[in-house]
Colleague: 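Quick one: this structure, given as structure tokens, is what I'll be asking you about.
Counting starts at 1 for both ligands and their atoms, in listed order. What you are looking at is a predicted structure, and each value in this text was computed from that prediction instead of being measured. The figures here come from the full heavy-atom set of this structure, side chains too, leaving out hydrogens, waters and symmetry mates.
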Amino acid sequence: MSNIQFDYSKALGFIDERAVLGLQEKINSNFEAIYQKTGKGNDFLGWVDLPSKTDESLLKDIENTAATLREKSEVCVVVGIGGSYLGARAVIEALSPSFNLLKKKLGNPVMLYAGHNISEDYLTQLLQVLNEKEYSIIVISKSGTTTEPALAFRLLRDHLEKKYGAEEAATRIVAITDKARGALKQLATEKGYRTFVVPDDVGGRYSVLTPVGLLPIAVAGFDIRKLVEGARQMEAFVKEDYSIEKNPVSAYAAVRNVLYNSGKAVEIMVNYEPNLYFFTEWWKQLYGESEGKENKGIFPAGVSNTTDLHSMGQYIQEGVRNLFETVVSVENPDNTLLVPEDADNLDKLNYLAGKRINEVNKMAELGTTLAHVDGGVPNLRVSMPAVNESVLGELIYFYEMACAVSGYLLEVNPFDQPGVEAYKRNMFALLGKPGFEAETDAIRKRLD
Ligand code: PA5
């Protein structure tokens, strides 16, 4: 059974459903290529059965390590970028209260993030915060050589060692990296840090259900067993029947492919719950890095409504008609809040008195969907009953599998990211990194 429902009825005014159903055979062979490991990038399919293969000893180990870090830390800094950062943040933010003051009341460490930018101001301010706090660090890099997290970690390690001394600092650092290779692995071994392994066959953006996501999520105080259990449920469900009528992964992959081939090159993920903002960021990275190559791919964008109805809403309603939307809709919020009656009714809101805020939100969602469809924007809807660990586990697996199936429909390798190297080469050349002498000469000539 799946708690994730997918509805594409509001895209059918734009595409022929026969084209969607006509993709069934391709979808079947894409699933087979994924399960049999015969498609492009087949050495990066470790995420496919990861939920069912995650064993008790790993979960226990992560929970014990998380408990040790929680005991020592008012703040835990997660250092990583891309797939080594966004999954953990997406889940933690989705499950956390919106306000720092409420977060504090729960007694969990405050989770802060570094290594996902190179901002001098951001890093300076982070160190200022850490001067005042008891803290620990989880540093995550599969390759162990990515510049942004390596640089942030160097600064943080220096700060931590000065604050606690090298011996205590080493007990406050956990490294998650390759089992044998990379500068981070070497550093961790030499300094004696606790380490977890990113499996060889799981790429960064598919790694949220490995220690990369699970350790920070556990430190933040959330139930990683329920998260993994939800993903297991979706893993089993998705395998049962590939048919587009029954399987939300097949339907989502097929519809977005038909929309793309009809000229809809931009997909906007829409949420109506602000705590899903980073889930959208995770999805953007997963789909953007997986599909955007060989001059192909849907451009993934995101909006948070109703906030963005007062900014991007204008463009979505009337701008270039190359868009479609996928609303991620939460049926039941955790809380109930009613609009109060007001005797004076000066704000003219008494017509809403007694209604739940969520009912107003849902009508905003429905009204927007209909308006955008009328304006030429096909609408897809992914709905879930609530935001909790188990449903998020299902949702994560749903999007991972749909991304792989979609990538194969586009005939690209959804598991590599060759394009990410271009900026790195230029940056290394500009900074004069040893080994890049020829590139440094060439780039300097371009700038003369
Ligand atoms: O999805 C990916 O593979 C990338 O986004 C990586 O996660 C990102 O580049 C960080 O790489 P690393 O974990 O090697 O530091």
Colleague: With hydrogens left out, which residues have an atom under 4.0 Å from ligand 1, given that only heavy atoms count?
Modeller: Ile81, Gly82, Gly83, Ser84, Ser141, Lys142, Ser143, Thr146, Gly204, Arg205, Gln285, Glu289, Gln417
Colleague: So, is the end of the Arg256 side chain (NZ or CZ) under 6.0 Å from the ring centre of Tyr260 and within 45° of the ring's axis?
Modeller: no
Colleague: Between Tyr397 and Phe237, does the ring centroid distance fall short of 6.0 Å?
Modeller: no
Colleague: Holding to side-chain hydrogen bond (donor to acceptor under 3.5 Å, both in side chains), I want the full list of residues that pass it with Ser250, two or more places apart in sequence or in another chain.
Modeller: none
Colleague: Would you mind telling me which of Val382, Val328, Val327, Leu380 makes a side-chain contact (heavy atoms from CB on, under 4.5 Å) with Met269?
Modeller: Val328
Colleague: For Asn28 and Gln24, which I'm curious about, is there any donor-acceptor pair between the side chains at under 3.5 Å?
Modeller: yes
Colleague: Given side chains that start at C-beta, do those of Phe153 and Leu187 come closer than 4.5 Å, heavy atoms only?
Modeller: yes
